[in-house]
Amino acid sequence: MVVAGDRRATSGNVIARHDLEKVVVVDDTTAAGYAGAVGPAMQMLRLFAAEVEQYEKIEGTPISFPGKANRLAAMLRDSLPMAMQGFEALPLLVGVDPDEPDPARAGRIVTFDVSGNIVPDSTGYESIGSGSPYAKSALKKRYSRDADRAGAVRAAVEALYDAADDDSATGGPDLVRRIFPVVVTVTAAEGAVRVPPEEVEAVARQVVEARAATPGG
């Protein structure tokens, strides 16, 4: 499993930050990304990660993936009044379900709506945020269940490039400032691990070089 996020934060028509991190490692088997209002989203995921850690320390056992999804859904329901005022924040949860007997089917991707409704993915890929229609269209063409780690990371970076190409609130690779997407892999063997920035940079530069040869798509 791979989860990736661009680095741009906007305030109206202004770029507020170029280097925001929208993907976090929650625990050994789970990572999350977010879209929407930055402050509420970051606060929600920080609190969520702290609650997961506290549960595992107190109970002495990891919380199940459905349990994590249900907790995030409850947090969204609690924040619905803020969302109705325009401070909408939506997470995307990615992880490996250790209770799944078939390791090949243990990967999980879950999205939510503002009311806390849980939407399990059935395609193997998902995207959230204003650039999601473009990213998801790119993933629809590039996704492969048989992709190795390098192929999955490349597909994620390609999808973010396509989103940035058409959505002003999505940031593409910034070669001048050397700001590139945050990418996290989640596997049963290695857990949730952030891909080294230099590796993401190398992939992003390959994508930019390839697109320079075919700038139309």
Enquirer: Hey, what do you get for CD (Gln85) to CG (Leu80), rounding to the nearest 0.5 Å?
Expert: 10.5 Å
Enquirer: Counting only heavy atoms not in Glu21, do more than 12 sit closer than 6.0 Å to its CD atom?
Expert: yes
Enquirer: Side chain to side chain contact (heavy atoms under 4.5 Å, CB included) for Lys68 and Val26? Distances and angles first, verdict last.
Expert: CA-CA 10 Å; Lys68 295 170 189 174; Val26 176; 5.5 Å; no
Enquirer: Is there a path of hydrophobic side-chain contacts, each under 4.5 Å between heavy atoms of I/L/V/M/F/W/Y residues, joining Met75 to Ile118?
Expert: yes
Enquirer: Do Val24 and Phe48 have side-chain heavy atoms sitting under 4.5 Å apart?
Expert: no
Enquirer: If you define the side chain from C-beta out and look only at heavy atoms, does anything of Phe180 sit under 4.5 Å from Pro197?
Expert: no
Enquirer: Looking at Arg154 and Glu158, is any side-chain nitrogen of the basic one under 4.0 Å from a carboxylate oxygen of the acidic one?
Expert: yes
Enquirer: Do the non-hydrogen side-chain atoms of Arg8 and Thr170 ever get within less than 4.5 Å of each other?
Expert: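 The answer is no; the side chains never approach within 4.5 Å.
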Enquirer: Between Thr187 and Glu190 (side chain of the first, backbone of the second, donor and acceptor by atom type, cut-off under 3.5 Å), is there such a pair?
Expert: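 Indeed, once roles are kept as given, a pair shorter than 3.5 Å links the two residues.
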Enquirer: Report whether Leu160 and Val183 are members of the same hydrophobic cluster (ILVMFWY, side-chain heavy atoms less than 4.5 Å apart, transitive linking).
Expert: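 Per the 4.5 Å side-chain linkage, Leu160 and Val183 are not co-clustered.
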Enquirer: Heavy-atom count check: over 12 atoms from other residues, nucleotides or ligands less than 6.0 Å from Phe87 CZ?
Expert: no
Enquirer: Between Asp165 and Arg211, does any side-chain N to carboxylate O distance fall below 4.0 Å?
Expert: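 The answer is no: the pair does not qualify as a salt bridge.
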Enquirer: What closest approach, in Å, do Ser64 and Asp99 show between heavy atoms, and which atom pair accounts for it?
Expert: CB-OD2, 3.9 Å
Enquirer: Of all heavy-atom pairs between Arg108 and Met1, which one has the smallest distance, and what is that distance?
Expert: O-CE, 3.5 Å
Enquirer: Give the C-alpha distance, both sets of side-chain angles, the deciding distance and a yes or no for side chain to side chain contact (heavy atoms under 4.5 Å, CB included) between Val182 and Lys22.
Expert: CA-CA 7 Å; Val182 174; Lys22 303 178 185 178; over 6 Å; no
Enquirer: Within a reach of under 6.0 Å around CD of Glu209, are more than 12 heavy atoms found that belong to other residues, nucleotides or ligands?
Expert: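 Atom CD in Glu209 is not packed in, count stays at 12 or less.
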Enquirer: If hydrophobic clusters are built from ILVMFWY residues whose side chains come within less than 4.5 Å, do Val200 and Leu139 share one?
Expert: no
Enquirer: Using side-chain heavy atoms (C-beta onward) and a distance below 4.5 Å, is Asp113 in contact with Val119?
Expert: no
Enquirer: Strictly below 4.0 Å, N to O, side chains only: are Glu199 and Arg149 in salt-bridge contact?
Expert: yes
Enquirer: Side chains of Asp167 and Ser130: donor-acceptor distance under 3.5 Å anywhere?
Expert: yes
Enquirer: Mind checking the CG-CE spacing from Leu76 to Met44? Nearest 0.5 Å is all I need.
Expert: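 CE of Met44 is found 4.5 Å from CG of Leu76.
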Enquirer: How far does CG of Leu20 sit from CE of Met42, to the nearest 0.5 angstrom?
Expert: 6.0 Å
Enquirer: Will you find, in the side chains of Asp146 and Ser144, an N or O donor that is under 3.5 Å from an N or O acceptor?
Expert: no
Enquirer: Apply the test side chain to side chain contact (heavy atoms under 4.5 Å, CB included) to residues Arg178 and Glu198: give CA-CA distance (whole Å), side-chain angles for both, the deciding distance (0.1 Å), then the verdict.
Expert: CA-CA 10 Å; Arg178 297 184 66 189; Glu198 58 271 18; over 6 Å; no
Enquirer: How long is the straight-line distance from CZ of Phe112 back to CG of Leu92, given to the nearest 0.5 Å?
Expert: 8.0 Å
Enquirer: May I ask whether Val52 and Leu72 are part of the same hydrophobic cluster, defined by side-chain heavy atoms of I, L, V, M, F, W, Y residues being less than 4.5 angstrom apart, directly or through others?
Expert: yes
Enquirer: Between Asp162 and Arg142, does any side-chain N to carboxylate O distance fall below 4.0 Å?
Expert: yes
Enquirer: Please determine whether residues Leu47 and Leu45 belong to a single hydrophobic cluster, defined as Ile, Leu, Val, Met, Phe, Trp and Tyr linked transitively by side-chain heavy-atom distances below 4.5 Å.
Expert: yes
Enquirer: Can you name the nearest heavy-atom pair linking Val114 to Glu88, along with the distance?
Expert: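 Looking at all heavy atoms of both residues, the shortest contact is CG1-OE2, 3.1 Å.
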Enquirer: List the steps, then state whether side chain to side chain donor-acceptor pair (under 3.5 Å) holds for Asn117 with Ser115.
Expert: CA-CA 6 Å; Asn117 183 50; Ser115 67; over 6 Å; no
Enquirer: For the residue pair Gly124 and Ile109, what are the closest heavy atoms and their distance?
Expert: O-CD1, 3.6 Å
Enquirer: Show the nearest heavy-atom pair for residues Pro40 and Ala37, with the distance to one decimal.
Expert: CD-O, 3.5 Å
Enquirer: Rounded to the nearest 0.5 Å, what's the gap from CD1 on Ile128 to OG1 on Thr111? Could you check?
Expert: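 With rounding to 0.5 Å, CD1 (Ile128) is 8.0 Å from OG1 (Thr111).
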Enquirer: Using every non-hydrogen atom in the two residues, find where Pro66 and Asp97 come nearest and quote the distance to one decimal.
Expert: CD-OD2, 4.1 Å
Enquirer: Using a cut-off of 6.0 Å, state whether more than 12 heavy atoms not belonging to Gln54 lie near its atom CD.
Expert: no
Enquirer: Count the heavy atoms belonging to other residues, nucleotides or ligands that lie under 6.0 Å from CG of Asn13, then report whether that count exceeds 12.
Expert: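 Check fails, neighbour count at 12 or below.
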Enquirer: Do Thr29 and Phe65 touch side chain to side chain, with heavy atoms closer than 4.5 Å?
Expert: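 Answer no - side chains too far apart.
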Enquirer: I need the Tyr55 OH to Asp27 CG distance, nearest 0.5 Å.
Expert: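 Reported to 0.5 Å precision, the distance equals 12.0 Å.
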Enquirer: Near Asp28 CG, under 6.0 Å, is it more than 12 heavy atoms from other residues, nucleotides or ligands?
Expert: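 Not more than 12 within 6.0 Å, no.
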Enquirer: Could you walk me through whether Thr123 and Lys136 pass the side chain to side chain donor-acceptor pair (under 3.5 Å) test, one step at a time?
Expert: CA-CA 11 Å; Thr123 61; Lys136 196 167 183 178; 5.7 Å; no
